[in-house]
Number of protein chains: 2
Amino acid sequence: MPRTTARRRASISDVARLAGVSVGTVSNVLNRPDRVSEATRERVETAIAQLQFVPNGSARQLRVGTITTVGAVVLDIANPFFTDLARGIEARLDQDDYTLMVASSDEDPEREARYLRLYEQHGVQGIMVVPATDEVDHLVALADRGVRIVLLDRPSPVESLSSVAVDDVHGGALAVRHLLEQGHTRIAFLNGPHTIHQCADRWAGAVQAVEAAGLDPADVLEELTVSLNADGGDAGTRALVAREDRPTAIFCVNDLVALGSLRVLRRAGFSVPDDVAVVGYDDVTFAAELATPLTSVRQPTHELGVRAADLLLRPGDAEPEHVMFQPTLVVRESSAK
Amino acid sequence: MPRTTARRRASISDVARLAGVSVGTVSNVLNRPDRVSEATRERVETAIAQLQFVPNGSARQLRVGTITTVGAVVLDIANPFFTDLARGIEARLDQDDYTLMVASSDEDPEREARYLRLYEQHGVQGIMVVPATDEVDHLVALADRGVRIVLLDRPSPVESLSSVAVDDVHGGALAVRHLLEQGHTRIAFLNGPHTIHQCADRWAGAVQAVEAAGLDPADVLEELTVSLNADGGDAGTRALVAREDRPTAIFCVNDLVALGSLRVLRRAGFSVPDDVAVVGYDDVTFAAELATPLTSVRQPTHELGVRAADLLLRPGDAEPEHVMFQPTLVVRESSAK
DNA sequence: CTGAAAGCGCTAACAC
DNA sequence: GTGTTAGCGCTTTCAG
């Protein structure tokens, strides 16, 4: 069966010609139908339907300069934390009839830059970004060019960029203090690279907790850098359990990593928490339902997204704002003797 | 601290003026740098840097008509199945330097239409969509207007639309046949609305399996319509366990629903699979690590995305193709006595 | 209430 | 190697 040839898209002037009116009038029925008489409006609408006319967004935008879409760049779209965040953003955006587009940087600054450029070129209302590195100069430059920016899930290092974050230092401390209280003195932290701000902060919190307990972090804490997903937890834990002097507790930088860790532990025959305790981060939906229910640092993820969208949608001349939420620890079986 | 005023974005003619060249030359250094002499190119580049010039994507696109972005609309961005799918798409797209933008329809045809329109207006290379209803006329119309469409996760009801799907009838049958073999004769199916094609097909498969076993579906099978997430599984299972004549097995239309189901069952003190067996669908990462490891119908999710991107990226005059994968059943503790 | 026309920023001929 | 210019499709004065 021969398919329809993809002929040129109908334009507003095609519609005008068919309806026997001027392009201005067509534009009016599109944007200010009340300015147009009943009769002509109907003629134009018929022509539109007949030609299957769809306005060219680029042309419109070139003319008016703006659009009701906001872009988001997160580290990993496969991580429930980020999708829950996206849900929160969407929920708030919906109220103002804005739409959200999401892209995943994979923690790669180049991919991040690519999407940032894409969004900017397309003139989105603003961009929410979970930066892949600690360096935000490119974002400041973006903001200087008039693009509304909200930093997601990390505090802004500069005054001029709005941000919505959760206190990661506190979160890291919460987890490690709990482990210390459970009597652990050899704790491994399966973390991501410190170029990712959240990772650096959670580590700092871990160190703080150890010091607060009057112990030496060098004795108690060790850090393994892994990728921020289940495979990372898998790999890191494999390395850990292969050793003679394996730690008695593993703190994972997120629940995906913890999932991988738990998987390896279970298959290797270790009992959790008796042989090894595990603590995760984010408290995603499945954390409570795992073979060993996972202790995890809970963040107000949805609320985080809502607030971020709130900030983004404020009038263009609003002062930058820096919102900081506090995490809480949810203790479950994976760490409680 | 007063913030920088968002002045008008620099345009190509600002750059030309500052560099003392024509706009054509600026355009050349942007798009065909080799056509330009070393010296002028440097002058232009300096001007670009100085003005922080970023080309206006709308204008460019209006002129050239195309863009290397593809859009995807999925039912629920918070469902790992769809994000794994998105990962597969991204992986393939990356090879050709295309970028992916994802939006979530929430199973709402209106939201779907909104994003479809958005993507079309912005002239994306093509759109991948998991339709929220069985009705695809609007997609055929889109395709007729020259937008490349690939149906995701469901076979195309029409020849002219490419599609990449997994055999959901077979998947549904696989699950129910297994339950039947385990001796269950009262099976509840926690399903989504049949307007979603996957839901209708999985139900059809379930019915088939019962009939193939020589039983009457009306006796064996009952269906509850729930929302396609953990809360849906939660609600559906609550309703089920409140009854005297509760079923001995629950088949969930996806693993998120199964997660909710398992949660309720556990809290209500039922033993899985002894009191109630549970089977999920998708075999997401966490399925194997749950308190009761979940039997689930596995789909080649990542591969699905890769093939979909493959189809989308083929030359514009390629014939539509319909790819169908086969699911497999992964039996775990939640259903195996 | 409708039409004419300018112009948004860019690219691609086409001159020189 | 560089400049000039038409025109992509649309919105928006400004006349009438």
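Values in this document were obtained by computation on a predicted structure and should not be read as measured data. No hydrogens, no waters, no symmetry mates; every other heavy atom, side chains included, goes into these values. Numbers restart at 1 for each chain; the letters A, B, ... are given by sequence-line order, proteins then strands.
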Exercise. When you check the phosphate oxygens OP1 and OP2 of dG3(C), does a side-chain N or O of T25(A) lie under 4.0 Å from one of them?
Worked result: yes
For this session: Starting from P on dC10(D), measure out to CD on Q61(A) and report it in whole angstrom.
Result: 13 Å
Problem set entry | Listed nucleotide nearest any side-chain atom of S27(A), set dT12(D), dC10(C), dC10(D) | dT12(D)
Problem set entry | T133(B) versus T195(B), side-chain donor and acceptor atoms under 3.5 Å | no
Exercise. Reckon N56(B) has a side-chain N or O less than 4.0 Å from the OP1 or OP2 of dC10(C)?
Worked result: no
Exercise. Does CZ belonging to R35(B) count more than 12 external heavy atoms closer than 6.0 Å?
Worked result: no
For this session: Compare side-chain N and O positions of S58(A) against OP1 and OP2 of dG9(D) and report whether any pair is under 4.0 Å apart.
Result: no
Problem set entry | Residue pair D153(B) / Q198(B), side-chain donor-acceptor N/O under 3.5 Å | yes
For this session: Quickly work out the I67(A) CD1 to dT11(D) C1' distance and round it to whole Å.
Result: 16 Å
Exercise. L30(B) side chain: which of dG9(C), dT11(D), dT11(C) is closest?
Worked result: dT11(C)
Problem set entry | Proximity to the side chain of N31(A) - top-ranked nucleotide from dT11(D), dC10(D), dC10(C) | dT11(D)
For this session: May I have the distance from H122(B) (atom NE2) to dG9(D) (atom C1'), rounded to whole angstrom?
Result: 14 Å
Exercise. Looking at the side chain of P55(A), which of dT2(C), dT11(C), dC10(D) is the nearest nucleotide?
Worked result: dC10(D)
For this session: Please report, rounded to the nearest Å, how far the C1' atom of dG7(D) is from the CD1 atom of I12(A).
Result: 16 Å
For this session: For V23(A) and for A39(A), find the nucleotide of DNA chain C with the closest heavy atom, then tell me which residue's nucleotide is more 5'.
Result: A39(A)
Problem set entry | Nucleotide nearest S22(B) (side chain, heavy atoms from C-beta), chosen from dT4(D), dT2(D), dG9(D) | dT4(D)
Exercise. What's the CZ-P distance between R60(B) and dG9(D), to the nearest Å?
Worked result: 16 Å
Problem set entry | Length of the CG-P vector between N28(B) and dA12(C), whole Å | 9 Å
For this session: Pick base, sugar-phosphate or nothing for V26(B), based on heavy-atom distances below 4.0 Å to the nucleic acid.
Result: nothing
Problem set entry | N-O pairing of D76(B) and R87(A) below 4.0 Å | yes
Exercise. Does the side chain of S105(A) pick up a donor-acceptor pair with the side chain of E112(A) at under 3.5 Å?
Worked result: no
Exercise. According to a strict under-4.0 Å criterion, is R35(A) in side-chain N/O contact with OP1 or OP2 of dC1(C)?
Worked result: no
For this session: Name the closest nucleotide to the R63(A) side chain, picking from dT11(C), dC1(C), dG7(C).
Result: dG7(C)
Exercise. Would you say a side-chain N or O of S11(B) is under 4.0 Å from OP1 or OP2 of dC8(C)?
Worked result: no
For this session: Determine: side-chain N/O of T40(A) to OP1/OP2 of dT2(C), distance under 4.0 Å, yes or no.
Result: yes
Seminar exercise, completed: When rounded to whole Å, the CG to P distance for the pair L62(B) and dG7(D) reads 14 Å
Problem set entry | Polar contact flag, side-chain donor to acceptor under 3.5 angstrom, Q52(B)-D144(A) | no
Seminar exercise, completed: R32(A) CZ to dG3(C) C1', in whole Å, measures 14 Å
